[in-house]
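Proteins get letters first, then strands, A, B, ... in listed order; numbering begins at 1 in each. Heavy atoms only: backbone and side chains are in, while hydrogens, waters and symmetry mates are out.
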Amino acid sequence: MPELPEVEVISRGLAKALVGKTIKSVSILNHGTVKMPWQIFASRVAGCTITRVHRRAKLVIIDLGDDLHITFHLKMTGRVLAHESATSPEKHTRVVFDLTDGGSIEFHDTRKFGEVRALSTEELEEWSFYRKLGPEPLETSVSDLAERLVGKKANIKGLLLNQSIVAGIGNIYADESLFRAGIHPKAKPSDLSKQSLENLFVEVQKVLKQAISENGSSIRNYVDAGGDSGGFQNSFKVYGKKGELCPQCGEQFETGTVAGRGSTFCAKCQKMSD
DNA sequence: AAAGTAGCCTGGAAGC
DNA sequence: TGCTTCCAGGCTACTT
């Protein structure tokens, strides 16, 4: 499931491949993927030239000039692929943007959770999901990030996953950051010092940066814009390590549901309070 | 206010 | 072997 690092890597790859290219036409193979009237979507993007590709939270955003933006939310299994020449759609290809140079952009999504839109700048800024997004964790100081959690009584993992508090963190990087910071996923910020919360975000930033530098994590079916896998999954310390032993203390990792998600953690190394 | 859960989807793994 | 069940999880909507 692509999170901030994977979406960042995809966006950078798409930017290299696509800026300056022009969309000729669109084929919508699964109408449910396009979260707006499909005729409007198709007519808006046809003939437009790609000026920039970037990321906000877990959204890939392709700018078509100053006032039109294609947004892709990959959810669990979405992929955005840039092809240099004609390719035939696969079973799970949902939307194809044909380019005037013979290439294409393919939105591939096994489970159909992914969402694609083409919005004006005003529509984008008024979109409730977009409007509520919290700050980017790599563009905000750990002090400011920690301040958003201070005193809260909900479990900390749920807060990290809440996109309106901090944008871009999902289950993998939440578990990894909490383990590295030595904080239990069910700990409450109200039981932790500001110092501990700042340290958590130091670890969040380190983990996200390392994952980006290793081209993201490939579990299940993540691939970048060119179809290549990432390498950060080899650096996981807790995520998906159910039944294994903690490398720090040797105790067996615990697993359970926290904030509605599968969670793995070390009950000995990860504290509930300061 | 906050926490829990169903639902959206599919395929791969596990269980029988 | 082949069937059924479970599980993965980002996000919304609804309930407690």
Side-chain angles (χ1 to χ4, degrees), chain A residues 1-8 10-11 28-36 55-61 71-80 89-95 107-117 124 126-134 136-137 148-178 184-191 204 208 211 216-223 229-230 232-233 236 238-243 253 255-265 272:
Chain A
M1 44 305 313
E3 303 179 26
L4 186 153
E6 293 74 33
V7 179
E8 179 67 27
I10 290 168
S11 297
I28 301 169
L29 289 82
N30 180 62
H31 288 267
T33 299
V34 177
K35 299 295 178 183
M36 59 188 292
R55 177 192 63 75
R56 170 74 172 114
K58 299 172 192 169
L59 292 172
V60 174
I61 304 178
T71 65
F72 298 85
H73 197 310
L74 280 44
K75 296 287 181 86
M76 317 300 295
T77 55
R79 307 172 174 186
V80 189
E90 296 176 15
K91 182 179 178 186
H92 303 302
T93 301
R94 307 305 182 192
V95 181
F107 184 69
H108 183 284
D109 183 27
T110 306
R111 291 170 63 180
K112 298 182 181 172
F113 282 9
E115 302 181 349
V116 182
R117 294 171 171 80
L124 178 63
E126 286 178 356
W127 178 18
S128 63
F129 170 79
Y130 190 86
R131 206 178 52 223
K132 286 187 292 191
L133 289 173
E136 285 291 328
R148 301 177 72 82
L149 297 186
V150 169
K152 294 216 178 319
K153 293 178 181 170
N155 67 61
I156 197 161
K157 178 165 178 179
L159 295 166
L160 280 181
L161 294 172
N162 183 337
Q163 300 297 297
S164 65
I165 292 181
V166 195
I169 299 173
N171 204 34
I172 295 172
Y173 298 102
D175 269 13
E176 289 295 321
S177 303
L178 287 165
H184 195 287
K186 286 186 177 173
K188 299 172 182 176
S190 57
D191 294 331
V204 165
L208 295 176
S217 304
S218 290
I219 57 164
R220 308 215 162 77
N221 60 4
Y222 162 77
V223 290
S229 300
F232 189 72
Q233 66 281 0
F236 289 167
V238 276
Y239 179 80
K241 298 203 178 287
K242 179 176 183 175
F253 282 135
T255 55
T257 302
V258 182
R261 311 282 161 65
S263 302
T264 307
F265 55 93
M272 285 293 289

Using the P atom on both, measure dA13(C) against dC9(B) and round to a whole Å. 15 Å
Output all residues satisfying side-chain contact (heavy atoms from CB on, under 4.5 Å) with Lys35(A), sequence neighbours left out; order by chain, then residue number. Glu115(A), Arg117(A)
Could you work out the separation of dC8(B) and dC3(C) based on their P atoms and round it to a whole Å? 25 Å
Check side-chain contact (heavy atoms from CB on, under 4.5 Å) between Lys153(A) and all other residues, then give those that pass, not counting sequence neighbours. Ser190(A)
Quick check: on DNA chain B, is the nucleotide nearest Ala154(A) upstream (toward 5') of the one nearest Arg94(A), or the reverse? Name the residue that is more 5'. Ala154(A)
Scan nucleotides 11-16 of chain C nucleotide by nucleotide, 5' to 3', and note B when protein non-hydrogen atoms come under 4.0 Å of the base, S if they reach only the sugar-phosphate, - if neither. BS----
Would you call the rings of Phe107(A) and Phe72(A) parallel, tilted or perpendicular, taking 30° and 60° as the class edges? tilted
Span that lies between the P atom of dC6(C) and that of dT5(B), in whole angstrom: 16 Å
Interatomic distance at P, dA1(B) relative to dC11(C), whole Å: 23 Å
How is Gly262(A) classified with respect to the nucleic acid when contacts are heavy atoms under 4.0 Å: base, sugar-phosphate, or nothing? sugar-phosphate
Residues which pass salt bridge (Lys or Arg N to Asp or Glu O under 4.0 Å) with Glu126(A), listed by chain and number, not counting sequence neighbours: none
With sequence neighbours left out, what residues match Ser217(A) under side-chain contact (heavy atoms from CB on, under 4.5 Å)? Glu6(A), Tyr173(A), Phe232(A), Gln233(A), Phe236(A)
Please report, rounded to the nearest Å, how far the C1' atom of dG10(C) is from the CG atom of Leu59(A). 11 Å
Only counting residues at least two apart or in another chain, list the ones meeting salt bridge (Lys or Arg N to Asp or Glu O under 4.0 Å) with Lys157(A). Asp175(A)
Checking Glu8(A) now: which residues fulfil side-chain contact (heavy atoms from CB on, under 4.5 Å) with it, not counting sequence neighbours? Arg12(A), Arg55(A), Ile212(A)
Earlier contact from the 5' end, DNA chain B, for Gly260(A) and Lys152(A): Lys152(A)
Opening and closing nucleotides of DNA chain B in contact with chain A, under 4.0 Å to non-hydrogen atoms: dA3(B) to dG11(B)
Over how many whole Å does the gap from Glu6(A) atom CD to dG10(C) atom P extend? 11 Å
Give me each pair satisfying salt bridge (charged side-chain N to carboxylate O under 4.0 Å, His left out) with a member in residues 162-173 of chain A, each pair once, sequence neighbours excluded. none
Base-pairing string, 5' to 3', of DNA chain C - Watson-Crick or wobble, under 3.5 Å, | interstrand: .|||||||.|||||||
Among all residues two or more places apart in sequence or in another chain, which pass the side chain to side chain donor-acceptor pair (under 3.5 Å) test with Thr33(A)? Asn30(A)
Taking all heavy atoms of Ile61(A) and all of Arg56(A), pick out the closest pair and write down the distance. CD1-CB, 4.0 Å
His73(A) meets the side chain to side chain donor-acceptor pair (under 3.5 Å) criterion, sequence neighbours left out, with none
